[in-house]
Structures are given as C-alpha cells and as structure tokens.
Amino acid sequence: MPQCPGFARTTLVKATAAGWTTELRGTAAGGMRLYSCRHPVVVLATMLFTVACMSLYAAVFSSCVVVVGPRSAPPRVLLVASAPRPSRIFSGGIRVHNPDPDVDSDADDAENDIPLAASRDFTNFESDPASLRRLRFSGPDDAPAGEGIVRIRQNGAKQLPQALIIGVKKGGTRALLEFIRIHPDVRALGPEPHFFDRHYDRGLDWYR
Ligand SMILES: Nc1ncnc2c1ncn2[C@@H]1O[C@H](COP(=O)(O)OS(=O)(=O)O)[C@@H](OP(=O)(O)O)[C@H]1O
C-alpha cells in the first residue's frame, strides 16, 4: 500500500501502549488507490473526523434533541442533551402557539382539535388566562397515568410541530417536556406519538 504523497518519510504516530494505531485510508483524487497515512497531522485529522462522526451519530440516534424555531424559519437546534445509552427513541411534538388571532381564531373547526396533556404546575406558574380559555377538557382516554387531557383548538390547517424532543429511554425527555409545557404559548402532545420509530410509514398526514 503506497504512502500518502509528502508523508513517506515522516514520523509514525502510534499509540502502541493502548494497542492501536490510527490510519487514514481514502481514495486519491480521481483514482481508486488506497493510501495509508500516519503523519501526525493526518492522524489528528482522522481522530477529529471520527469524533465528529460519533457526535453526529449521537445527536441523531442516542441523544435528546430539542429543535425550536418560528414557523416561518427553518428549525434551529437549541439544546442537545446526551442520554446514558442508546436504546429507544422517544419523539414528541410541540406546537408553539401563534398569538395572531387572525391565524388562530376561536372559530376553528373541532375536527382539527388535537389531544394534549394538561400542563403540570411545577412552580405555581400562573398561566395566561387568555391561554387557559383556549383549553377544553375531555376524557383521559390515551393519557399517561395521572395526567389530565385537554384539547386545544387548532386553526383550520394541519401543522407540523415547531419543536421536537427526541431522546432515549430514561433520558429525561418527559421532564424536559413538562418544563417546556409550562409556558402558556406551548402546546405539547400528552402521549408519545412514536412517529419516527413506530408510525413513520403512516406519513406526515398522520403525524400532523
Ligand atoms: N433533571 C434530571 N436529572 C436527573 N434525572 C432526571 C432528571 N429529570 C428526569 N430524570 C430521570 O429521568 C428518568 C425518566 O426519563 P424519561 O422521561 O426519558 O423516561 S421514559 O423513558 O420516557 O420513560 C427518571 O429516572 P428514574 O426515576 O430512574 O425512572 C427521572 O428520574
């Protein structure tokens, strides 16, 4: 296997004490030849690339990610909290209330109501009375144990959530959701929809 150009007579960097070495193997530009590079810079770049890949993997598959953004803007990552170990992805949707009365009026069609869990009052938080008037209680059919269910009217158009909480089992996603839910302008699902891990085939129309 040929050495990388310019690195043929460079010092090898080996972590032999740990019983491993780091190599970068890739295709040359325009060709299919493999190179074995052990230049310190290449080794460092390889390690950084590996860490970046692992971080990306963790962010996607084994962490709790909150993505929040206004409706008109693409989602932004606000918080990434790693969890103990990857096991199960929990996904929950949060709809951020639009205070514009022209967009979200009380004349909404009841067919567009979505089930939502009642906010837990962790801190004696006094919700905005105007927001509370928007709530209409219904039965505790598919609510988690101990939670009341409210239905909050949506405007006519089905919407995707503006924020997602994704995390592994026992990653603390429920606690995070409950704290975010305290805000009167946040509408959050009660039961976990499991769209991405169980119901993805049903499509976005089901998810909305
Ligand atoms: N802030 C904070 N710090 C440390 N630990 C916390 C925190 N918030 C929640 N928790 C613990 O997270 C566990 C619940 O995680 P989840 O909500 O993801 O559970 S679940 O997988 O959806 O059932 C659950 O752990 P267990 O009590 O061991 O079950 C919670 O106690």
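We number each residue from 1, following the sequence as shown. In each ligand, atom 1 is the first atom listed, and ligand 1 is the first ligand listed.
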Would Arg174 count as a polar contact of ligand 1, with the cut-off being nitrogen or oxygen pairs under 3.5 Å?
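Yes; the residue has a nitrogen or oxygen that sits under 3.5 Å from a nitrogen or oxygen of the ligand.
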
Short N or O distance, Gly172 and ligand 1, threshold 3.5 Å exclusive:
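Such a contact does occur with ligand 1.
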
Reported CZ-to-CG distance for the pair Arg181 and Leu176, which is rounded to 0.5 angstrom
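These two atoms lie 11.0 Å from each other.
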
How long is the straight-line distance from CG of Leu164 back to CZ of Phe195, given to the nearest 0.5 Å?
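Phe195 atom CZ to Leu164 atom CG measures 10.0 Å (nearest 0.5 Å).
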
Could you work out, with side-chain contact (heavy atoms from CB on, under 4.5 Å) as the rule, every residue matching Phe49, not counting sequence neighbours?
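Here the qualifying residues are Cys53.
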
Ligand-residue contact atoms, ligand 1 with [X], heavy atoms, under 4.0 Å:
X	result
Lys169	21 (O)
Glu192	22 (O)
Ala175	8 (N), 9 (C)

Using 30° and 60° as the class limits, which term best fits the ring planes of Tyr207 and Phe196: parallel, tilted or perpendicular?
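Aromatic pair Tyr207/Phe196 classed perpendicular.
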
Counterpart residues, salt bridge (charged side-chain N to carboxylate O under 4.0 Å, His left out), relative to Asp201 (two or more places apart):
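Partners of Asp201 under the salt bridge (charged side-chain N to carboxylate O under 4.0 Å, His left out) test: none.
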
Whether Gly171 lies under 4.0 Å from ligand 1, heavy atom:
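Per 4.0 Å heavy-atom rule, Gly171 contacts ligand 1.
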
